[in-house]
Amino acid sequence: MMKEVNITWKPGAEFHEATTDLNAWYDFKAYGNIGFLTQEDLSLADSLGQWFFDNQKRIYAIVCDYVQQHYQELLEESEFLDVFDEEESYPTLVGEVTEADMRAGDIFKLMQVSAFVLLNPEKDTLGIIFECAWDEEHGFGLVIQGDEVIKQEGATVAYCECL
């Protein structure tokens, strides 16, 4: 269970941003402190946050299942393992990694959550932005609707307007 979280919203031109003091989300470390983003009206901010916290256990399980099922495919597509042809270990945004780390696929070591994009609670949809060891330039993003991942790409996919 997560501690009580203070979310402070700041209006923005395209996205409203919220800061928190969260430095982890279940077993995922945070990249900095976890943020929240939304394009919804800020008068809904409290209910958006409440929706997230009411649903986070289910969302966490979906993320873990999805990434673990697709990890090998993600790693192969990234061609990240090529760096170990010349290096024994490699510094990434989420820490130093070795080829053994990458092959082991411990997602809690290789990924850090950066932000949640609260897209549309009525449609049970949100995006999640991660920093990841295998793609520092683009990161990793998921869009979850209901109980399934409907999109996965670089971090910017989390801002998906695919609804």
For this session: Measure from the ring center of F28 to the ring center of F130 and say whether it is less than 6.0 Å.
Result: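 Yes - the distance between ring centres of F28 and F130 falls below the 6.0 Å cut-off.
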Problem set entry | ring pair (Phe, Tyr, Trp, His ring centres under 6.0 Å) evaluation trace for Y26 with F108 | CA-CA 10 Å; Y26 291 98; F108 305 115; 9.9 Å; no
If you count every heavy atom of other residues, nucleotides or ligands that lies below 6.0 Å from [X] atom [atom1], does the total exceed 12?
X: D106; atom1: CG; result: yes
X: E122; atom1: CD; result: yes
X: E96; atom1: CD; result: yes

With side chains defined as the heavy atoms from C-beta onward, is the minimum distance between [X] and [Y] less than 4.5 Å?
X: R58; Y: D124; result: yes
X: S89; Y: V97; result: no
X: L142; Y: K151; result: no

Check the hydrophobic clustering (I, L, V, M, F, W, Y; side-chain heavy atoms under 4.5 Å; chains of links allowed) and say if [X] and [Y] are grouped together.
X: V83; Y: L74; result: yes
X: Y31; Y: V117; result: no
X: V94; Y: F116; result: no

Sidechain-backbone polar pair: [X] side chain, [Y] backbone, donor-acceptor under 3.5 Å:
X: N33; Y: T20; answer: yes
X: T38; Y: L118; answer: yes
X: S78; Y: E76; answer: no
X: E136; Y: L93; answer: yes
X: D101; Y: T98; answer: yes
X: R103; Y: L81; answer: no

For this session: Verify side-chain contact (heavy atoms from CB on, under 4.5 Å) between Q56 and W25, making sure each step is shown before the conclusion.
Result: CA-CA 9 Å; Q56 69 175 331; W25 183 55; 3.1 Å; yes
For this session: Give the C-alpha distance, both sets of side-chain angles, the deciding distance and a yes or no for side chain to side chain donor-acceptor pair (under 3.5 Å) between Q50 and D54.
Result: CA-CA 6 Å; Q50 190 59 52; D54 290 348; 2.7 Å; yes
How close do [X] and [Y] get, counting heavy atoms only, and between which atoms?
X: I62; Y: E148; value: CD1-N, 4.4 Å
X: I129; Y: A155; value: CG2-CB, 3.6 Å
X: Y71; Y: M102; value: OH-O, 2.5 Å
X: A115; Y: L37; value: CB-CD1, 4.2 Å
X: F53; Y: I7; value: CE1-CD1, 3.5 Å
X: V157; Y: V143; value: O-CG2, 3.2 Å

When rounded to the nearest 0.5 angstrom, what distance separates [atom1] in [X] from [atom2] in [Y]?
X: I144; Y: I59; atom1: CD1; atom2: CD1; answer: 6.0 Å
X: D82; Y: E99; atom1: CG; atom2: CD; answer: 9.5 Å
X: E40; Y: H16; atom1: CD; atom2: NE2; answer: 8.5 Å
X: L48; Y: D41; atom1: CG; atom2: CG; answer: 9.5 Å
X: H70; Y: I107; atom1: NE2; atom2: CD1; answer: 12.5 Å
X: C132; Y: F80; atom1: SG; atom2: CZ; answer: 9.0 Å

Exercise. Do the side-chain N and O atoms of Q69 and D65 include a donor-acceptor pair separated by under 3.5 angstrom?
Worked result: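 Not at all, the side chains of Q69 and D65 share no donor-acceptor pair under 3.5 Å.
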For this session: For the residue pair Y66 and Q152, confirm or rule out a side-chain donor-acceptor distance under 3.5 Å.
Result: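 Checked: Y66/Q152 side chains pair up, N/O donor to acceptor below 3.5 Å.
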For this session: Let me see the working for Y60 and C64 under side-chain contact (heavy atoms from CB on, under 4.5 Å), right down to the final yes or no.
Result: CA-CA 6 Å; Y60 174 77; C64 292; 3.5 Å; yes
Problem set entry | ring-ring contact (aromatic ring centres under 6.0 Å, His included) involving F140 - partner list, sequence neighbours excluded |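 By the ring-ring contact (aromatic ring centres under 6.0 Å, His included) rule, F140 matches W134.
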For this session: Evaluate the side-chain contact (heavy atoms from CB on, under 4.5 Å) criterion for residues W51 and L126: first the C-alpha distance (whole Å), next the side-chain angles of each, then the deciding distance (0.1 Å), finally the verdict.
Result: CA-CA 10 Å; W51 175 87; L126 86 155; 4.0 Å; yes
Exercise. How are the rings of F52 and F36 set to each other: parallel, tilted or perpendicular (split at 30° and 60°)?
Worked result: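 Rings of F52 and F36: perpendicular, as their planes differ by over 60°.
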Problem set entry | Derivation and outcome, side-chain contact (heavy atoms from CB on, under 4.5 Å), residues V67 and M111 | CA-CA 10 Å; V67 176; M111 299 170 65; 3.6 Å; yes
Exercise. Does the distance from a Lys or Arg side-chain N to an Asp or Glu carboxylate O, for K109 and D27, drop under 4.0 Å?
Worked result: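 Result for this pair is no, no salt bridge flagged.
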